[in-house]
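Scroll down for the structure; my scribbles are underneath it.
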Amino acid sequence: MQTTQRLPGTPAHHHGADWRVAAPSLVADVLRGLQGEPKRLSPTYFYDERGSQLFDEICELPEYYITRTETRILERHAQEIADRIGANALLVELGSGASTKTRLLLDRLPDLAAYVPVDISRTHLMAAAQRIASAYPGLEVLPACADFTQAFPLPRSRRTPSRVVVFFPGSTIGNFDPPAAIELMKVMRRIARLGSSPLTSAGGLVIGFDLVKDPAILERAYDDSAGVTAEFNLNVLRRLNRDLGADFDLEAFRHEAIWVPEANRIEMRLVSSAAQTVTIAGEAVSFAADERIITEHCHKYSPGLFATQAAAAGWTARQTWADERNYFHVQYLEQDLKQEQKG
Ligand code: AVJ
């Protein structure tokens with residue numbers, strides 16, 4: 001069941017929109033995850049104030065090649081990517097954060113119908129939208145506060161767009177297990193379809209995804225020598241202590257990042273160093289020695305695997321851009337029009 005609700009004081013036209021899906025409470029979700037087998041926590045819980053800071057530090061680490069590599073690809077091929085997006089498009093960015101990478105594209109898109117940054121964090125979204133609007137005075141910026149894993153209505157731009165193009169950089173798709181990734185790519189297809197009519201072109205998707213490579217390189221990217229990723233991982237327990245009155249002993253858990261070849265993913269875990277019981281919102285949760293909490297899955301793709309996943313969601317690749325080491329791909333996909341007729 002899903003109810004969207006427009007919050008008061010936010011007109012849908014010209015000022016963006018505020019759409020919230022009734023979310024399960026943090027405490028219920030955390031307890032469900034920790035009572036499961038294996039124990040799990042959603043990676044979305046990493047990003048409190050300190051977690052977001054630590055993630056910014058991760059992006060600067062020598063071992064963490066992802067941000068640097070994708071930014072280089074976007075810099076080098078910005079014009080070609082902008083040409084694919086085309087004139088008068090509505091550009092919708094999911095999980096826009098600070099919209100840093102987007103600027104590389106916006107610099108080459110003087111004729112965009114509008115830019116719609118979508119993020120769950122209202123304060124960050126509004127601040128970033130304001131900065132983009134002042135840096136690009138001719139551009140209509142329509143921030144939408146929404147959980148992008150659920151369908152949400154697009155704010156309407158003043159100009160009628162020729163097509164809708166979704167922008168999803170950062171390898172964020174890798175956080176979703178294959179069935180959820182396909183679901184999300186279907187949500188993107190529905191968003192991109194909104195702008196399509198017989199008179200307009202097929203919707204597009206510009207997405208960044210990380211490639212399978214030497215496991216040693218992957219494991220180091222998620223277990224850096226400065227210990228920043230370990231701190232980022234453990235910080236989720238600090239957050240639960242603060243927000244749920246839990247009593248995790250951060251010294252009693254250690255960070256682990258393991259490549260799991262059968263699943264094409266890095267698994268980030270917090271491993272309990274001893275048998276212990278933790279209290280979370282009044283509920284006792286027991287850990288055996290060496291028992292793990294899985295905190296994040298980071299899926300890596302072969303080009304074929306990504307194409308198969310995209311096809312299952314109704315997308316076809318039109319152009320791919322890579323770095324010289326072939327560590328990472330940025331791809332432009334279009335809606336598969338045959339699937340579109342089926343709905
Ligand atoms: C933000 C999901 C792309 O998986 O590489 C970085 C998160 N976790 N280091 C990733 C992350 C640990 C990151 N994503």
Side-chain angles (χ1 to χ4, degrees), residues 40-74 93-102 118-121 124 128 147-149 167-178 180-181 184-185 206-239 253-260 263-271 292-301 305-306 309 323 327-331:
R40 292 208 58 175
L41 284 171
S42 162
T44 58
Y45 298 140
F46 284 136
Y47 301 93
D48 66 353
E49 200 66 37
R50 171 122 180 89
S52 302
Q53 253 171 32
L54 286 165
F55 180 67
D56 290 345
E57 277 180 49
I58 286 173
C59 293
E60 304 284 323
L61 292 170
E63 295 98 332
Y64 193 74
Y65 58 87
I66 292 185
T67 313
R68 215 173 301 119
T69 305
E70 185 184 45
T71 302
R72 284 266 293 155
I73 297 171
L74 292 172
E93 180 171 8
L94 304 182
S96 48
S99 299
T100 314
K101 290 169 189 162
T102 326
V118 182
D119 208 284
I120 190 104
S121 162
H124 288 128
D147 168 4
F148 64 72
T149 63
F167 183 40
F168 198 51
S171 183
T172 310
I173 191 73
N175 262 185
F176 297 81
D177 290 349
L184 179 57
M185 290 185 79
V206 178
I207 190 167
F209 56 92
D210 197 21
L211 299 173
V212 173
K213 56 183 68 63
D214 179 352
I217 296 171
L218 289 168
E219 288 184 351
R220 258 185 273 127
Y222 292 90
D223 193 6
D224 60 280
S225 54
V228 181
T229 310
E231 188 57 31
F232 173 75
N233 197 7
L234 283 160
N235 181 63
V236 75
L237 301 182
R238 190 178 290 126
R239 182 202 176 156
F253 288 86
R254 63 185 166 80
H255 166 71
E256 185 175 81
I258 303 289
W259 172 246
V260 182
N264 295 303
R265 69 189 176 213
I266 286 281
E267 282 187 25
M268 287 228 308
R269 306 155 180 168
L270 290 165
V271 187
R292 301 151 174 160
I293 309 171
I294 297 172
T295 51
E296 189 173 38
H297 286 165
C298 310
H299 288 265
K300 310 300 167 184
Y301 295 93
L305 189 62
F306 193 80
Q309 178 177 291
D323 57 297
Y327 273 15
F328 196 94
H329 279 179
V330 173
Q331 197 162 71

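In each ligand, atom 1 is the first atom listed, and ligand 1 is the first ligand listed.
One finds no salt bridge joining Asp48 and Arg238 here, because no Lys/Arg side-chain nitrogen approaches an Asp/Glu carboxylate oxygen to under 4.0 Å.
With a heavy-atom cut-off of 4.0 Å, Ile66 touches ligand 1 through its side chain alone. Using a 4.0 Å cut-off between heavy atoms, Tyr65 makes no contact with ligand 1 at all.
Less than 4.0 angstrom separates some heavy atom of Phe232 from each of these atoms of ligand 1: 8 (N), 12 (C). Each of the atoms 3 (C) of ligand 1 lies under 4.0 Å from some heavy atom of Ser171. Counting atoms of ligand 1 from 1 in the listed order, those under 4.0 Å from a heavy atom of Cys298 are 4 (O). Near Asn175, with a cut-off below 4.0 Å to any heavy atom, the atoms of ligand 1 are 2 (C), 4 (O). Interface atoms of ligand 1 facing Tyr47, defined by a heavy-atom separation under 4.0 Å, are 1 (C), 7 (C).
Heavy-atom minimum distance, Phe168 versus Ile173: CE2-N, 3.5 Å.
From the protein, the heavy atom lying nearest to atom 3 (C) of ligand 1 is Gly170 O, 3.0 Å. Of all protein heavy atoms, the one closest to atom 7 (C) of ligand 1 is Glu296 OE2, 3.3 Å.
Taking the six-membered ring for Trp and thresholds of 30 and 60 degrees, Phe209 and Phe306 have nearly parallel ring planes, at less than 30 degrees apart. Classification of the His299-Tyr301 ring pair by plane angle, with boundaries at 30° and 60°, yields tilted.
No side-chain donor-acceptor contact under 3.5 Å links Lys101 to the backbone of Ser99. Between the side chain of Arg68 and the backbone N or O of Leu61 there is at least one donor-acceptor pair closer than 3.5 Å.
The residue from Phe176, Phe209, Tyr64 that puts a heavy atom closest to atom 13 (C) of ligand 1 is Tyr64.
His329 is not listed as a side-chain neighbour of Glu70, based on a closest heavy-atom distance of 4.5 Å or more. Between Phe253 and Ile293 there is a side-chain heavy-atom pair separated by less than 4.5 Å.
At least one N or O atom of Tyr222 sits closer than 3.5 Å to an N or O atom of ligand 1.
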